[in-house]
Structure formats: structure tokens, C-alpha cells
**Student:** 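Dumping the structure here so I can ask a few things about it.
Residue numbering restarts at 1 for every chain, and letters A, B, ... go by the order of the sequence lines. Any value given below was found using the heavy atoms of this structure, including those in side chains, with hydrogens, waters and symmetry copies removed.
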Amino acid sequence: MTEPLLSIRGVETFYGNIMALKGIDLNVNEGEIVTLIGANGSGKSTLMMTIFGNPRASKGAITFDGRDITQMPSHEIARLHIAQSPEGRRIFPHMTVLENLQMGATVADPTHFDEDVKRVCTLFPLLEQRMRQRGGTLSGGEQQMLAIARALMSRPRLLLLDEPSLGLAPMLAQQIFRTIRELNVRDRLTVFLVEQNAFHALKLAHRGYVIVNGEITLSGTGHELLARPEVRAAYLDGGRREAHGA
Amino acid sequence: MSNEAARSSRTLPLLPALKDATLSALVACGLFFFMIGLRTEQGSTGALEITTRFETFAMLVALVFAGSFLRTLVFGRGPIPLGRAIPPSLARQVASASRFAAPALLIFALLVPVLFYQNRYLLDLGILVLTYVMLGWGLNIVVGLAGLLDLGYVAFYAVGAYSYALLATHFHLSFWICLPLAGILAAFWGVLLGFPVLRLRGDYLAIVTLAFGEIIRLVLLNWQSFTGGPNGISSIPRPSFFGLPFADAEGSFSWTFGLEYSPTHRVVFLFYLILALALLTNWVTIRLRRLPIGRAWEAMREDEIACRSLGINTTTTKLTAFAIGAMFGGFAGSFFATRQGFISPESFTFGESALVLAIVVLGGMGSQLGVAVAALVMLGGFELFREFQLYRMLVFGFAMVLIMIWRPRGLVSTREPSLYLGERKT
């Protein structure tokens, strides 16, 4: 079996005294879409941020493409062509859309900048009309597209997406999921997707993990997980049948 | 139009206005009671006696009450919509005219020594304004572009001034050698300040930089053997025209060029010198904004975490911002020293930092033109009201409050993008 592109082994992360991740084991293979689903406060975003070394894992190891990145500074991790569309989008509000994209291309070869701008514009045609507008004046959905487009500008080998469907209309969310699949199929982009929208995420992903209180409780292919009664109860029907899931 | 109708049909906001006015009056009470209401005077025996001035105090509080009441009554609580009061056609004309503001200001600045050759006072004022324009542009790199609130900028101004003064008096180095050295030294101190504050932002950063400015001043004040302490350093060499001194003697500037000696020559030279230095600051800033480092500064101002995850090293980005901002402060300091011929720690108090920061904020953070206009308005305003010594600061404070109500983001608040698709520039 080939080495996974991203491998997380026994990672523990603390916020002060609070243990947010309690020994996570997780693999992302080249060319896969892997999703991590979980409730609020289960440690999804923490894991995402820990991969980028902010906060740093206090135990365990994270390797990317065979290199140990556990203790690497965030900006050097980005230079390995891991890109992130972070929680809360974090676009640059006073800079134009084009400048935001330019910032995304910080670690990329500047010679293919124009080509990459065209590429993300075909993926998100809405952005093309907004090129000279300030990032902060975009709507929530457009900002989400910009955050993903910015991440793609670095021509990443691994794309980390933190709740790309958050706060979006169902139509827009589906469009974003379609785009992710397209990128995966066409460009063989490896995607690690953190989502609360379990149904769509699991349908899209090759494999999935379920995180509860900082621990991985279930894993399997997307379809397997979708069929699991625990998953259905906690994340899919749970909202309707029980007052509180998980 | 429908807006207008809605406003007239609505009842006047009497209650909120009353509430705001009462609040403002209470604040005024607290402020003015000790400052205006009580007064100490030397009595007949020489001891201090407290006299009261409650009429003046009451009048001022009433004035504040009335002002606040009217403001809320007429404009409501939000920002004052001055934009709507100006007809759009006029606004468009102003906007198109403002495109020529920068070149017009530059041409005017170049012509000042020609137009006002006979007016020594105006030339000196021009030099002063340009010094602050340069300081404003320097600080603009740190505050406006990189978003690092620096309240101790005067420290670098002081480092530059003392570097030149000490190098020139002890080693007799020329101005043109001292200038880069002073810049390098100031940049070094900028990095030194940068290291401990790498993790700080906003208010906390402001406190540390404020303290840094005071530390530098206090060291200069107390290190008698090195800096001369409160006596400062005097007889600093005056600038020469590339080796030709300004004097009424053989081998001087006027003698070489066959001109009649006039002390104005030196003033004009100083004017063009500071103009060149300021323009250098401006040019470097404009260039840097289009380079990766300048873009990283601006992105860091907006979101530091996003920057890091995009592969920007925020440590070096911050340190370069401090260093380059400090370097220009150091250049300005050298110029100050050579112009004055005498420096002492008194010239580098917190007031200077505050003034430069006020210029940057008033001008609109990050805007080069705004900073230049603000420096002109602030220092020009100071001079204009020189005759009203007593009320100068009052008028000045009032003007600043008004500007901040009308243009809360500074005089020039639009940010010019640094990148266009296909170099389209409209």
C-alpha cells in the first residue's frame, strides 16, 4: 500500500488545560476526498488548525508527503502546497477580490498567475464580475467562494476546507460541493473537508471520519457511514427525532 | 426622495436627543470641574489659594448640552450624512479635480522657494511641514499599511537625530555619510522594538511602543556623558551643498557659483533636501506596496492568521515594517539635527509621536495624499492660529472632532488597489 499523503498519528491538542483532541488517527490518501463530520465543539476545526500548526499538537505526529510537519511554522507548512479555506473564511476585507487571489498565490510560481486567475474564474463565474470590488463588500456566499478560490491559487496538493457550506443557501452549498467534486475528478485534487452538513459531505466523500468530543468514533467509506444507524441518529435524522444528538 | 418624506413625517427625536445631551453634559461636568471650575492663584501671602469660577463652568457645560442636543436633533444618532448635502454633480467635479490634487501639490511644493524667496518665515514653515509629511509617510508604513499601532515613533526620529549629531561632532563625517548610517541605526532600533512585540496587537502593542518611546527619551536625558543629557548637543555641523558650505567666504556655495551671499541659500537648500527625502519616502512606499512585502503588510493588517496559512512569514513581515518605518524616521531625524544645529531630549517628547500619529489617522490610514494634506492642514493650522495663542489648542481640538464626525476614516479614505487585471488603469 502506498503512503498516505497526509497522516495524523495520535495527535493531542490542548487549549490551556482543556484537551480538545484526544489522540486522533486519520489518513488522507492522494486523490481522495476525505470528510470529517462532528457536532459543534467536537474538535473539527481544531484538528484543521492543528494541521497548520496553530495551535500546535502537544503529542503525536502529523506527516505530509513523508515529511514531519508537526513542529513546522504555519507559513512553511503552506509552502509545501497545503492550502486552507479556514473557518470564518478570513478573506481580506479591504483588499479587492483580485488582490485576495494574489495573496493566495503567495507560494505559487508567479508566471502562471494569470492562468490561475482564469481557472478560478471559470470555477466561480460570479467572482469574475467582482474582481475590482473590495472583499468585504461581497455577500457571504461570494466570500466563501473567494476563500476557496484563494486557496486554489497556490495550486495545492492538499486542500483543507472548513465548513464551506456554513451559512449558505442550499443551492449555493450544493454548487460548492459540485465544484469540489469537479476539482477532485478533473485535477485529482486531494481534499480534506470538515463539515456539519453530514449528508452532503458523506455523499461527496470517498471516506469519512466521525469525531465526537475530540475522538474519532467511526470511520469508513462515505456510503458506509451514511448507512450507519449511529450516524443517521446523530447527524441526519437526529435533529428531527431527538432533542439533542450525539 | 421617499427618505426625505419619511424623515419629515417622523416625530423629532426629542427623547434620544435629551438623553445624549445629558450624557455629554455629565462628561463635560467631570472634565471641566477641576480644569475650569477651580483655579489656583497666588494669594497676597504668596501661598496658593483656590478660587472658583462656577459661572464659566456652568456656561461651558450648558454649551456642551446645547451642542449635543442640536446634533442629535438635527442629524440623528448615526454618522452625519454630509455626502447627501452636497449635490452629486458637484461631488463628481470634486472627485475628478482631486485626481490632480497630488500633482498640483507637488508642483506647488517645488515652486515654494521660488514664489516665497523673500519670505523666510514661510520657507521655514514649509520645511517644518515637509518634515512632518515625511514622518507621517514613514509612520504610515507601520500604522497605515502594516496595521501596527505605534505610539513611540518619535524614538526613531530621536535615534536618527542623535546618530547624526554624534557622528558629525565626534567623527566629522559629512551629512551624506551620516544620513544612511542614521537610517540603518534607526532601522536596527526598529527591529529591536519589533522583537518583543511580535505577539502583541492593538492596545497592548500601543502601550509597549509608547513605553519604548519614553525609554529612549529618558536614556537620552540621563546618559550625560554620551548624549549631553538635558543640555543636548550643540554646534552640530550645518549642511553643505555637496561639500560647498553656505557661508560668506572663499570656497563657499555662493562664491563658487558667483552669487551674492545670502543666508536664504541654505534655507532653500534645506527645503529641497527635505522635499527630496520626503518624496523618496513616498516613492519607496508606493513601490513597496506593489511588491510582495508591501502586499504582505496590507494583508497582515487585515488578517494575521489568514496570512500565515497562505505562506506569509508574519515575523519577518512585521520586523521589516518596523525597520523600514523606523529608517525613514531616522532620516527625518538626521535632517532635523542638521537643520536645527542643536538637539536635546525636549524635542522628542510623546507629543511629537501623538502629532505624527494624528496626521496619519486624520489623513486616512494608508493614504499617501491624505497624510500630506493632513500634515499641511495641522501644521498650517497651528501657524494660522498662532495669534490666538490661548485658544489655539481649543480650536484645533474642535476641528479634529468635526473632521472625525464627518470623515471618520480620515480625509482620504479610499484605498487604491495595487493590482489591476491586464494593467487596466482607470
**Student:** Counting heavy-atom pairs closer than 4.5 Å to chain B, which one of A/N54, A/T106, A/L98 comes out on top?
**Tutor:**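 Most pairs with chain B among the choices: A/L98.
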**Student:** What distance do B/I305 atom CD1 and A/F52 atom CZ have between them, rounded to the nearest 0.5 Å?
**Tutor:**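 It comes to 12.5 Å.
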**Student:** Heavy-atom distance under 4.5 Å to chain A: side chain of B/T315, backbone, both or neither?
**Tutor:**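 Interface part for B/T315: neither.
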**Student:** Is there a donor-acceptor contact under 3.5 Å from the side chain of B/E302 to the main chain of A/H94?
**Tutor:**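 Here the side-chain-to-backbone pair exists.
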**Student:** For A/R9, what residues pass the salt bridge (Lys or Arg N to Asp or Glu O under 4.0 Å) criterion, not counting sequence neighbours?
**Tutor:**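 Applying salt bridge (Lys or Arg N to Asp or Glu O under 4.0 Å) to A/R9 gives A/D25.
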**Student:** If you count every heavy atom of other residues, nucleotides or ligands that lies below 6.0 Å from B/M365 atom CE, does the total exceed 12?
**Tutor:**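 Result for CE/B/M365: open.
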**Student:** Tell me, yes or no, whether the heavy-atom count around A/F113 atom CZ, taken from other residues, nucleotides or ligands under 6.0 Å, exceeds 12.
**Tutor:**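 Yes, because the 6.0 Å sphere around CZ of A/F113 holds more than 12 heavy atoms from other groups.
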**Student:** Looking only at non-hydrogen atoms, find the nearest pair between A/H75 and B/I312 and report the distance.
**Tutor:**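 In terms of heavy atoms, the two residues are closest at CB-O, 3.3 Å.
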**Student:** Using salt bridge (charged side-chain N to carboxylate O under 4.0 Å, His left out), reason through A/E76 and B/R308 one step at a time and then give a plain yes or no.
**Tutor:** CA-CA 9 Å; A/E76 281 178 29; B/R308 270 203 290 269; over 6 Å; no
**Student:** Any idea which heavy atoms bring A/E99 and B/S418 closest together, and the distance?
**Tutor:**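 For A/E99 versus B/S418, the nearest heavy atoms are OE2-N, 2.7 Å.
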**Student:** Tell me, yes or no, whether the heavy-atom count around B/R201 atom CZ, taken from other residues, nucleotides or ligands under 6.0 Å, exceeds 12.
**Tutor:**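 Above 12, so yes.
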**Student:** Using every non-hydrogen atom in the two residues, find where B/G311 and A/R79 come nearest and quote the distance to one decimal.
**Tutor:**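 Looking at all heavy atoms of both residues, the shortest contact is O-NH2, 3.1 Å.
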**Student:** Relative to chain A, which of B/A306, B/A296, B/P292, B/G366 shows the most heavy atom pairs under 4.5 Å?
**Tutor:**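 Ranked by heavy-atom pairs under 4.5 Å with chain A, first place is B/A306.
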**Student:** What parts of residues 132-152 of chain B touch chain A if we use heavy atoms and a cut-off under 4.5 Å?
**Tutor:**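 So no residue qualifies.
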**Student:** What are the two closest non-hydrogen atoms of B/D303 and A/F92, and how far apart are they?
**Tutor:**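 Here B/D303 and A/F92 meet closest at O-CE2, 3.7 Å.
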**Student:** How long is the gap from OG on B/S309 to CG on A/L160, to the nearest 0.5 Å?
**Tutor:**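 Reported to 0.5 Å precision, the distance equals 9.5 Å.
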**Student:** Chain B: which of A/R134, A/M153, A/R90 shares the most heavy-atom pairs with it under 4.5 Å?
**Tutor:**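 Going by pairs under 4.5 Å, I would pick A/R90.
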**Student:** Is chain B contacted by the side chain of A/M103, its backbone, both, or neither, given a heavy-atom distance below 4.5 Å?
**Tutor:**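 It is both, since atoms from each part get that close.
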**Student:** Given heavy-atom pairs under 4.5 angstrom as the criterion, report whether the side chain, backbone, both or neither of B/R295 touches chain A.
**Tutor:**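 B/R295 touches chain A through backbone and side-chain heavy atoms alike.
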**Student:** Counting only heavy atoms not in B/R199 (residues, nucleotides, ligands), do more than 12 fall under 6.0 Å from its CZ?
**Tutor:**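 No, the 6.0 Å shell around CZ holds no more than 12 heavy atoms from other groups.
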**Student:** Is the number of heavy atoms from other residues, nucleotides or ligands within 6.0 Å of CD (A/E128) greater than 12?
**Tutor:**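 No, CD of A/E128 has 12 or fewer neighbouring heavy atoms, counting only those of other groups under 6.0 Å.
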**Student:** Please answer whether the main-chain N or O of A/M95 pairs with a side-chain N or O of B/E298 as donor and acceptor at a distance below 3.5 Å.
**Tutor:**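 A pair under 3.5 Å: no.
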**Student:** Among A/P93, A/G104, A/P86, which residue has the highest count of heavy-atom pairs closer than 4.5 Å to chain B?
**Tutor:**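 It is A/P93.
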